[in-house]
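Handing you a structure now.
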Number of protein chains: 2
Amino acid sequence: MKNIIEVLKEYDIAPSMQRIKILEYLQNYKIHPTADMIYQALEDEIPTLSKTTVYNTLKTFTEKGILVALSLFENEVRYEYNTYPHIHFKCIKCNKIYDMDKSFDLYKDDIIDGHKVIEHHVNLKGVCKECIKEEE
Amino acid sequence: MKNIIEVLKEYDIAPSMQRIKILEYLQNYKIHPTADMIYQALEDEIPTLSKTTVYNTLKTFTEKGILVALSLFENEVRYEYNTYPHIHFKCIKCNKIYDMDKSFDLYKDDIIDGHKVIEHHVNLKGVCKECIKEEE
DNA sequence: GTACAACTTTGTAACGATTACAAACTTGAA
DNA sequence: TTCAAGTTTGTAATCGTTACAAAGTTGTAC
């Protein structure tokens with residue numbers, strides 16, 4: 001396993017104690033933790049740790065490219081009336097969500113690796129046609 | 001277009017004014033609105049409308065099967081250390097997220113229908129192997 | 001028509017994840 | 001040793017959402 005301090009330096013991040021522990025946790029526990037999970041796991045080891053530090057650190061890591069943040073539709077639940085399987089495309093500029101009729105292998109109701117699939121979502125994110133126009 | 005009152009009755013939902021207007025909005029504006037978007041669109045027409053009513057109604061519609069609620073990772077951002085393209089499976093019982101190495105057509109950096117794709121996520125939801133065991 | 005029960009709607013308060021902000025602390029170079 | 005830049009911390013605020021209880025509405029039995 002790569003030295004954590006070197007990884008941080010590689011990404012141009014000062015290797016503070018908090019940052020080292022957080023990255024170490026992420027390397028060891030690949031359960032896609034939330035900020036809160038990380039905080040709870042480390043608060044015994046670093047009793048002064050602040051949740052804000054965890055958020056700040058994760059933000060820094062994500063900005064510098066060490067991590068990827070997963071959360072397609074962020075804080076909002078979106079509702080749709082039609083429910084045939086299709087692909088969603090969300091524009092990062094205007095926040096509109098478009099339906100796309102590209103087909104895909106649907107795993108709904110399949111068993112994969114022993115896990116039972118109930119829902120299958122394909123989500124794209126990018127800049128929509130309209131917003132590309134406006135950029136020019 | 002189908003009569004809205006009949007659709008509601010079909011799904012065993014009493015057709016109140018609020019419910020009719022909300023369903024009408026969803027039929028007419030297929031932009032996958034948030035609860036708040038719906039509230040804002042209707043508050044002029046129904047000045048006494050409460051946000052709670054919108055939330056209640058959407059919950060009812062979703063429970064009865066008129067709508068589908070989209071929001072894969074809910075309120076939480078999850079972080080991951082490795083970033084090769086893969087499929088995520090989230091267990092609805094234990095909330096763990098598993099990586100799956102099934103391959104899929106990757107649309108990243110493609111242009112589809114004029115929209116530029118920057119991110120491409122495939123997300124499955126269901127009951128994981130462990131939790132299936134526990135159910136028996 | 002009245003009364004009552006069941007259902008709906010409403011407003012306020014609370015919640016949980018996240019962010020803003022400013023004060024306190026740490027670091028390293030001049 | 002000092003100072004500036006960077007880092008950490010705690011508190012308060014924000015945003016989407018939910019809990020809860022009071023008020024309003026409806027339909028049916030009398």
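So that the names make sense, note that chain A is the first sequence line, chain B the second, and so on, each numbered from 1. Side chains included, hydrogens not; waters and symmetry mates left out as well; all remaining heavy atoms used.
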Quiz item: In whole angstroms, how far is the C1' atom of dT19(C) from the CG atom of D36(A)?
Solution: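 Checked: the CG to C1' distance equals 15 Å.
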Quiz item: What is the distance from CG of D12(B) to C1' of dT8(C), rounded to the nearest Å?
Solution: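 Interatomic distance, CG of D12(B) to C1' of dT8(C): 15 Å.
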Quiz prompt | Donor-acceptor under 3.5 Å (R19(B) side chain, I13(B) main chain) | solution =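 The answer is no, because no donor-acceptor pair under 3.5 Å joins these two groups.
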Self-check item: Separation of atom CD1 in I38(A) from atom C1' in dT8(D), rounded to whole Å
Solution: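 Interatomic distance, CD1 of I38(A) to C1' of dT8(D): 16 Å.
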Quiz item: Can a cation-pi geometry be assigned to K64(B) and Y11(B), taking NZ or CZ under 6.0 Å from the six-membered ring centre and within 45° of the ring axis?
Solution: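 Negative - K64(B) is either too far from the ring of Y11(B) or too far off its axis.
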Quiz item: Can you check the R19(B) CZ to dT26(D) C1' distance for me, whole Å?
Solution: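 So the two atoms are 12 Å apart, to the nearest Å.
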Quiz item: Given atom CD1 of I20(B) and atom C1' of dT25(D), what is their separation to the nearest angstrom?
Solution: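 Answer to the nearest Å: 14 Å.
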Quiz item: Does any residue of residues 41-54 of chain A have a heavy atom under 4.0 Å from DNA chain C, and if so, which ones, in number order?
Solution: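 Within this stretch, T52(A) sit under 4.0 Å of the strand.
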Exercise. Look only at the side chain of T53(A) and the backbone of L49(A), and say whether a donor-acceptor pair between them is shorter than 3.5 Å.
Key: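 Between the backbone of L49(A) and the side chain of T53(A) there is no qualifying donor-acceptor contact (under 3.5 Å).
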Practice problem: Compare side-chain N and O positions of Y55(B) against OP1 and OP2 of dT18(D) and report whether any pair is under 4.0 Å apart. | Solution: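 For dT18(D), OP1/OP2 do not have a side-chain N/O of Y55(B) under 4.0 Å.
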Quiz item: Can you tell me how far C1' of dT7(D) sits from NZ of K64(A), to the nearest Å?
Solution: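 Roughly 14 Å, once rounded to whole Å.
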Quiz prompt | salt bridge (Lys or Arg N to Asp or Glu O under 4.0 Å) partners of D44(A), counting only residues at least two apart | solution =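 For D44(A), no residue satisfies salt bridge (Lys or Arg N to Asp or Glu O under 4.0 Å) once neighbours in sequence are set aside.
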Exercise. Please report the C-alpha distance between Q40(A) and D36(A) in whole Å, then the side-chain angles of each, then the deciding distance to 0.1 Å, and finally whether the side-chain hydrogen bond (donor to acceptor under 3.5 Å, both in side chains) criterion is met.
Key: CA-CA 6 Å; Q40(A) 284 182 30; D36(A) 197 60; 2.7 Å; yes
Quiz item: What is the distance, rounded to the nearest whole Å, between atom NZ of K9(A) and atom P of dT27(C)?
Solution: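 Rounded to whole Å, this separation is 14 Å.
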Self-check item: Gap between atoms CE and C1', on M17(A) and dT9(D) respectively (whole Å)
Solution: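 Rounding to the nearest Å, CE of M17(A) and C1' of dT9(D) are 13 Å apart.
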Quiz item: Can you name the residues that form a salt bridge (Lys or Arg N to Asp or Glu O under 4.0 Å) with K9(A), not counting sequence neighbours?
Solution: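 For K9(A) there are no salt bridge (Lys or Arg N to Asp or Glu O under 4.0 Å) partners, ignoring immediate neighbours.
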Exercise. Give one of base, sugar-phosphate or nothing for N56(B), where a contact means two heavy atoms less than 4.0 Å apart.
Key: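 Touches a base.
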